[in-house]
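To start, the structure under review is shown below, and the notes come after it.
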Amino acid sequence: MRVTTAFKHLLALPGVTVRQVDFGSRQVTVTVALRSGRLRCPACAYTTTARYDTRPVPSSWRHLDLGIWRLEVRAGLLRLQCPTHGVRTEAVPFARAGSDFTRDFEDLVGWLATAMDKTAIVRLVRIDWDSVGRIIARVMDDKLDPKRLDNLFVVGVDEVAWKKGQQYITLVSDHQRGKMVWGAEGRDSKTLNQFFTELGTERSAAIEAVSMDLGPAYAKSVRAKGHAPQAIICYDPFHCVQLATKALDTVRRQAWQEMRLLPDPTLAKRFKGARWCLLKNPVDLTDKQATTLRKIRRRGGEVWRAYALKEALRAVFAGDLSEDEVAVLLDRFCSKASRSGLKPFITLSRTIAKHRAGILAAVHLGINNARHEALNGRVRLIMKRAYGFHSAKSALALIMLTIGPVDHVLPHERQPGVSILSSA
Ligand SMILES: [Zn+2]
């Protein structure tokens with residue numbers, strides 16, 4: 001068998017003939033030629049036999065490694081003139097437009113990114129993390145299930161920080177399927193408007209309920225004409241508890257600031273370490289944290305009162321109460337919080353009272369707090385890995401490829417019938 005024929009089988013690249021194979025130091029370079037005489041626009045379906053000029057555009061792509069050898073594919077591409085996109089270098093069947101990597105290589109990286117940490121991927125595939133980010137963004141564009149926006153009835157809108165500082169992504173999840181279905185950079189009503197534009201009026205009109213946090217931005221977008229004004233707006237219990245946790249943290253910080261002014265600094269120091277034992281759920285506490293919590297309880301005072309209020313609210317939404325019971329307990333919480341003398345909790349009680357109907361609607365529709373919290377927890381874990389990315393799109397791709405409607409097919413799964421013995 002000739003070397004070029006052997007490499008044609010080894011590489012299994014669609015639509016090419018292998019012309020030449022060169023061995024360099026630690027790298028195999030395979031020169032290929034496209035089999036089709038038609039030139040394809042990389043941005044649309046336009047094809048033509050007419051070339052724009054005769055000078056070939058030297059191009060190269062990284063392909064899957066061959067053992068310890070890096071493998072580079074090279075080809076001289078032609079240029080065409082697309083009526084819509086102007087003069088472009090032709091597309092190739094084995095790589096996505098604008099990429100320096102083959103589709104097989106990108107699909108592998110796309111899957112690895114969902115299962116492996118940053119250090120491991122970068123070491124295994126020998127590319128930097130930002131290149132991984134650009135690759136997964138292309139894989140996402142290509143592989144997101146186009147039907148993911150069909151049959152949406154109960155959705156949740158959420159924001160997540162993708163970078164330290166004020167950099168956010170808005171995410172839309174399908175409550176019934178428990179999957180992320182949409183995302184975009186930003187967190188205001190304009191960001192969510194893009195979702196409804198993509199959804200179109202017909203599918204928007206079918207939405208029955210939207211759960212969200214207690215801020216005004218998302219509700220404004222949902223209520224807009226042509227979006228989903230018919231939908232019941234539900235305020236996720238998860239977000240209410242989040243607000244209570246924030247209120248508790250404010251009380252704790254104030255108490256700590258006051259302690260620092262005391263003559264004995266050890267008290268303030270010890271108290272600073274108490275943050276996590278107050279904010280974590282009691283069942284998640286370590287032994288040491290549980291001891292600290294007992295000490296705070298013995299001391300009593302504002303911090304303990306704030307803690308008890310937060311835990312009371314969490315219990316209201318634990319999921320084991322009837323709607324009526326939740327309503328009664330929620331009102332009881334509000335009256336307790338408003339009389340607590342703790343400013344952050346007085347504010348919280350007003351916020352909850354104002355959104356009472358929406359909160360109870362979420363309970364009525366069974367918008368599952370635990371499930372939402374679990375999805376939210378996974379997003380936060382994924383975002384920790386996304387911190388090194390330079391673009392929101394890469395961060396979004398990491399979420400979508402991991403918990404979105406994406407079917408990962410690895411190169412060897414896509415071409416199961418390739419045999420070295422068939423066709424020469
Ligand atoms: Zn075009």
Side-chain angles (χ1 to χ4, degrees), residues 11-19 30-63 72-110 127 130-150 181-186 191 193-203 390-394 396-397 400-401 404-409 411 414-415:
L11 268 54
L13 294 175
V16 300
T17 311
V18 174
R19 284 281 160 81
V30 180
T31 308
V32 301
L34 298 186
R35 275 207 299 268
S36 168
R38 295 195 76 85
L39 281 62
R40 277 197 306 132
C41 172
C44 70
Y46 176 76
T47 67
T48 177
T49 51
R51 44 176 75 173
Y52 176 72
D53 52 15
T54 52
R55 207 160 44 133
V57 184
S59 310
S60 65
W61 302 264
R62 170 100 181 265
H63 191 43
E72 190 177 278
V73 177
R74 281 192 195 163
L77 300 181
L78 295 169
R79 298 203 295 169
L80 71 147
Q81 187 153 26
C82 170
T84 317
H85 301 101
V87 177
R88 292 291 185 98
T89 303
E90 65 176 325
V92 294
F94 56 83
R96 297 185 172 92
S99 176
D100 296 332
F101 304 93
T102 64
R103 189 181 297 269
D104 283 358
F105 187 91
E106 293 196 333
D107 288 353
L108 179 71
V109 170
I127 53 175
D130 239 11
S131 300
V132 171
R134 284 189 294 273
I135 287 175
I136 63 174
R138 279 191 294 269
V139 175
M140 171 183 73
D141 283 344
D142 194 29
K143 291 203 166 178
L144 268 188
D145 180 1
K147 291 197 183 121
R148 70 193 185 281
L149 298 181
D150 291 351
V181 290
W182 188 89
E185 187 174 6
T191 316
N193 290 349
Q194 297 169 40
F195 167 71
F196 287 109
T197 306
E198 241 177 271
L199 206 57
T201 44
E202 204 173 301
R203 290 187 295 191
H390 286 102
S391 88
K393 193 165 181 197
S394 300
L396 179 62
M400 284 304 183
L401 292 182
V406 171
D407 206 7
H408 290 275
V409 180
R414 186 169 49 238
Q415 297 162 334

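Note that the structure is predicted; figures quoted are calculated from it, not measured. All ligand and atom numbering here is 1-based and tracks the order in the structure.
In this structure, the side chain of Arg103 does not engage the main chain of Pro411 through any donor-acceptor pair within 3.5 Å. With hydrogens and angles disregarded, no donor-acceptor distance shorter than 3.5 Å links the side chain of Ser36 to the backbone of Leu34.
Remark: Arg62 pairs with Asp65, Arg70, Phe101, Phe105, Arg126, Ile127 by the side-chain contact (heavy atoms from CB on, under 4.5 Å) rule, at least two apart or across chains. For Arg19, the salt bridge (Lys or Arg N to Asp or Glu O under 4.0 Å) test picks out no residue, with sequence neighbours left out.
Salt-bridge formation is not detected for the pair Lys143/Glu106: no Lys NZ or Arg NE/NH1/NH2 atom is positioned less than 4.0 Å from an Asp or Glu carboxylate oxygen.
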Return all side-chain donor-acceptor pairs below 3.5 angstrom for residues 11-18, not counting sequence neighbours, or 'none' if the list is empty.
none

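Listed by chain and number, the protein atoms of type N/O/S under 2.8 Å from the Zn ion (ligand 1) are Cys41 SG, Cys44 SG, Cys82 SG, His85 ND1; waters are omitted.
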